[in-house]
Student: 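Input: one structure, supplied below.
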Amino acid sequence: METLEIEYTNITDDSITARMPVNSRVHQPDGVLHGGASVALAESVGSAGAMVFMQDQNVSIRGIEIAANHVKSIREGYVYAKGTMIHRGRTTQLWQIRIENEEGELISLVKFTTISLPKA
């Protein structure tokens, strides 16, 4: 979280949002946002959201699958990742995370699955 400077900005009854600055720390060699940084942001949002919305301190949340479509480049500013839980199962949860720029344009669309495991 600190390395990518991700900060959570909003939690509602059905979503969680975080932002991340786009700068040289998250650039590909040609100066645009690296897809891996976008995926790390999305997984952070989905995992944190699952922890918040599952409200069960007896489970650990782990990501088990992630798929991302990157549709627009960005060189600077902030990206905002809004995660919404599509399926809230006892064991698995399915998330959709929209990553947008400051103008609300879609940068990446991510599908992310988490699993709730009993703590040892």
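Computed from a predicted structure; not experimentally measured.
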Student: Are Leu109 and Ile97 connected into the same hydrophobic cluster when the rule is that any two of I, L, V, M, F, W, Y join if their side-chain heavy atoms are below 4.5 Å apart?
Tutor: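 They do not share one cluster, since no chain of ILVMFWY contacts under 4.5 Å joins Ile97 to Leu109.
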Student: Are Val32 and Ile74 linked, directly or through other ILVMFWY residues, by side chains that come within less than 4.5 angstrom of each other?
Tutor: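 Not linked; separate clusters.
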Student: If you compare all heavy atoms of Lys72 against all heavy atoms of Asn101, which two are closest, and at what distance to 0.1 Å?
Tutor: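 Of all heavy-atom pairs spanning Lys72 and Asn101, the closest is CE-ND2, 4.1 Å.
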Student: Kindly give the heavy-atom pair with the smallest separation between Leu4 and Pro21, and that separation in Å.
Tutor: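 Closest approach of Leu4 to Pro21, heavy atoms only: O-CD, 3.8 Å.
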Student: Between Val79 and Leu41, is the side chain to side chain contact (heavy atoms under 4.5 Å, CB included) condition met? List the steps.
Tutor: CA-CA 9 Å; Val79 287; Leu41 171 62; 3.8 Å; yes
Student: Can you name the closest pair of heavy atoms from Ser38 and Leu33 and give their distance?
Tutor: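 Minimum heavy-atom separation between Ser38 and Leu33: OG-CD2, 3.2 Å.
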Student: Same hydrophobic cluster for Ile115 and Val45, using side-chain heavy-atom links shorter than 4.5 Å among ILVMFWY?
Tutor: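 No: no chain of side-chain contacts under 4.5 Å links Ile115 to Val45.
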Student: For the backbone of Leu94 and the side chain of Lys111, can you confirm whether one donor and one acceptor N or O come within less than 3.5 Å of each other?
Tutor: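 Checked: no pair found.
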Student: Give a yes or no on whether Met54 atom CE has more than 12 heavy-atom contacts from other residues, nucleotides or ligands under 6.0 Å away.
Tutor: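 Correct, the count exceeds 12.
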Student: Between Arg19 and Glu7, does a salt bridge (Lys or Arg N to Asp or Glu O under 4.0 Å) hold up when you go through it step by step?
Tutor: CA-CA 6 Å; Arg19 73 179 190 162; Glu7 59 182 325; 2.7 Å; yes
Student: Kindly say whether Trp95 contributes a backbone atom to a donor-acceptor pair with the side chain of His87 at under 3.5 angstrom?
Tutor: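 Not at all, since once roles are kept as given, no pair shorter than 3.5 Å links the two residues.
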Student: Evaluate whether atom CD of Glu105 has more than 12 neighbouring non-hydrogen atoms of other residues, nucleotides or ligands under 6.0 angstrom away.
Tutor: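 More than 12 within 6.0 Å, yes.
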Student: Are more than 12 heavy atoms, taken from residues, nucleotides or ligands other than Glu2, located less than 6.0 Å from that residue's CD atom?
Tutor: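 Counting other residues, nucleotides and ligands, CD of Glu2 stays at 12 neighbours or fewer.
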Student: Could you walk me through whether Thr113 and Gln93 pass the side chain to side chain donor-acceptor pair (under 3.5 Å) test, one step at a time?
Tutor: CA-CA 6 Å; Thr113 307; Gln93 302 80 44; over 6 Å; no
Student: Under a single-linkage definition using a 4.5 Å side-chain heavy-atom cutoff for Ile, Leu, Val, Met, Phe, Trp and Tyr, are Ile6 and Tyr80 assigned to the same hydrophobic cluster?
Tutor: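 The answer is no; the residues belong to distinct hydrophobic clusters.
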Student: Give, for atom CE of Met20 and atom CG of Asn23, the distance between the pair rounded to the nearest 0.5 Å.
Tutor: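 Result: 8.5 Å between the selected atoms.
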Student: Salt bridge or not between Arg25 and Glu5? Use side-chain N to carboxylate O under 4.0 Å.
Tutor: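 A salt bridge is present here (some side-chain N lies under 4.0 Å from a carboxylate O).
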Student: For His70 and Val39, work out which heavy atoms get closest and say how close.
Tutor: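 Closest pair (atom of His70, atom of Val39, distance): CE1-CG2, 4.2 Å.
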Student: With rounding to the nearest 0.5 Å, note down the distance linking OG in Ser15 to NZ in Lys82.
Tutor: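 Answer for the OG-NZ pair, Ser15 versus Lys82, is 4.5 Å.
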Student: If you look at every heavy atom in Arg90 and Ser116, which pair is closest and at what distance?
Tutor: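 Between these two residues, the closest heavy atoms are O-CB, 3.7 Å.
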Student: List the atom of Val110, the atom of Ile66, and the distance in Å for their closest heavy-atom pair.
Tutor: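 Minimum heavy-atom separation between Val110 and Ile66: CG1-CG1, 3.6 Å.
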Student: Working to the nearest 0.5 Å, report the span between CZ of Phe112 and CD of Glu65.
Tutor: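 Output value for this atom pair is 10.0 Å.
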Student: Output, in order, the C-alpha distance, side-chain angles, deciding distance and verdict of side chain to side chain contact (heavy atoms under 4.5 Å, CB included) for Phe53 and Arg88.
Tutor: CA-CA 9 Å; Phe53 295 129; Arg88 184 186 304 203; 3.9 Å; yes
Student: What's the spacing between Gln28 CD and His34 NE2 if we round to 0.5 Å?
Tutor: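 One finds 5.5 Å between CD of Gln28 and NE2 of His34.
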Student: Compute whether any side-chain donor of one residue and acceptor of the other, for Gln96 and Thr84, lie under 3.5 angstrom apart.
Tutor: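 No donor-acceptor contact under 3.5 Å links the two side chains.
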Student: Measure the spacing between CD1 of Ile61 and OG1 of Thr114 and express it to the nearest 0.5 Å.
Tutor: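 If I round to the nearest 0.5 Å, the distance is 5.5 Å.
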